[in-house]
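One structure below.
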Amino acid sequence: MPRRRAAAAAACLFALLAAPAQAAAAAAPAGAPWWMWPALLFVACFVMGIVAVPAGIGGGTLFVPIVGGFFPFHLDFVRGAGLLVALASALAAAPMLLRGGLASLRLALPLALLASASSIGGALLGLALPVSVVQTALGLIVLGIVALMAVSKKSEFPVVAAPDRLSTALALHGVFVDGATRRRVDWQVHRSGIGLVVFLGIGVLAGMFGIGAGWANVPALNLLMGAPLKVSAGTSGLVLSLVDSSAAWVYVNKGAVLPMIAVPSVIGMMLGAKIGARLLDVLKGSVIRRMVIGVLLFAGLRALLKGTGVWP
């Protein structure tokens, strides 16, 4: 019964997320009111916020491929808004995640420092490239995300025999109580030096595509560094809040942030993220993971076909 209920909840959320995209894919009537697209953006981003926080992928990972593929906006504006909605999602959920011990500020700060610096270069690179090239590359990246999430065996509680010297010096350890099992979990990390290098690359991708790169944060924290899955998802939000704020200023300075796109998207994402933060504590990660894989596969194919001109 619990599995059936979880599957039903996942199906409902998937349907809610797909509905605005399907409506946007249809040609807008000639006399359609101006507020139609902002209203669709608000609904879509509200559902994205619910899904993004438990998955730990950041709202921009869902926002950019879906809005860029199905809404009639220039990709530069979509990427600029994508960083803002990922930032809004992370900031809305951060206080609740910190209070519940599901996010570690000590773990997030050194990683976010390097990723923030590299994200500025990624943002400048993304704005300099042709839209078709970025759209095609975005589709390939999103499909790569789907493959990574499908084949990687995420461990709920990785075994870290001993922390390395860097993680010990930075005190990268903590404790949290799992809301699903009420189990107290003491955790620590290793391979911190490699993790810092990986987050430099993650920052470039975050700035270039405006997708927040939460999809890469969680595997890096969980599979590479050995943080528990829920701590990885929660800490990913803190990293996103710092990285996205750096890259977003580049888009603002270049005039690539349009209020009609950004405002309804940010409001919807923040409201949805507050619900998503509560779900992270009680919902099984496998349910959210399967749902996100399905949505990203659909959005990635659309972005790739649009960038290559097969499906304009």
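What you are looking at is a predicted structure, and each value in this text was computed from that prediction instead of being measured.
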Interatomic spacing from [atom1] in [X] to [atom2] in [Y] - rounded to 0.5 Å:
X      : Y      : atom1 : atom2 : answer
Ile141 : Phe209 : CD1   : CZ    : 5.0 Å
Leu166 : Leu172 : CG    : CG    : 7.0 Å
Phe63  : Leu83  : CZ    : CG    : 10.0 Å
Phe42  : Leu271 : CZ    : CG    : 5.0 Å
Leu113 : Leu109 : CG    : CG    : 8.5 Å
Ile202 : Ser119 : CD1   : OG    : 12.0 Å

Summary of side-chain hydrogen bond (donor to acceptor under 3.5 Å, both in side chains) pairs that have at least one residue in residues 189-203, sequence neighbours excluded: Asp164-Ser192
Under 4.5 Å between any side-chain heavy atoms of [X] and [Y], yes or no?
X      : Y      : result
Leu129 : Met208 : yes
Trp187 : Leu107 : yes
Pro72  : Trp37  : yes
Phe77  : Tyr251 : no
Leu111 : Leu221 : yes
Leu170 : Arg106 : no
Trp249 : Ile120 : no
Leu196 : Phe199 : no

Please find the pair of heavy atoms, one from [X] and one from [Y], that lie closest to each other, and give the distance.
X      : Y      : answer
Ala81  : Ile261 : CB-CG2, 3.7 Å
Gly126 : Val134 : O-CG2, 3.8 Å
Phe73  : Val78  : CB-CG2, 3.8 Å
Ser167 : Val189 : OG-O, 3.2 Å
Pro259 : Pro264 : O-CD, 3.7 Å
Leu224 : Ala220 : CB-O, 3.0 Å

Output yes when a side-chain donor or acceptor of [X] lies under 3.5 Å from a complementary backbone atom of [Y], and no otherwise.
X      : Y      : answer
Thr136 : Val133 : no
Ser118 : Leu200 : yes
Asn222 : Ser232 : no
Thr235 : Ser104 : yes
Gln188 : Val160 : yes

Between [X] and [Y], is there a shared hydrophobic cluster once you connect ILVMFWY residues whose side-chain heavy atoms come closer than 4.5 Å?
X      : Y      : answer
Leu240 : Val204 : no
Leu229 : Leu98  : no
Val142 : Val131 : yes
Phe71  : Leu138 : yes
Leu40  : Leu75  : yes

Which pairs, with at least one residue in residues 245-261 and sequence neighbours excluded, count as a salt bridge (charged side-chain N to carboxylate O under 4.0 Å, His left out)? none
Of all pairs that satisfy salt bridge (charged side-chain N to carboxylate O under 4.0 Å, His left out), the ones with a partner from residues 70-83, not counting sequence neighbours: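 Passing the test, one end in residues 70-83: Asp76-Arg79.
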Stepwise, does the side chain to side chain contact (heavy atoms under 4.5 Å, CB included) test hold for Leu41 with Met260? CA-CA 10 Å; Leu41 271 177; Met260 190 183 76; over 6 Å; no
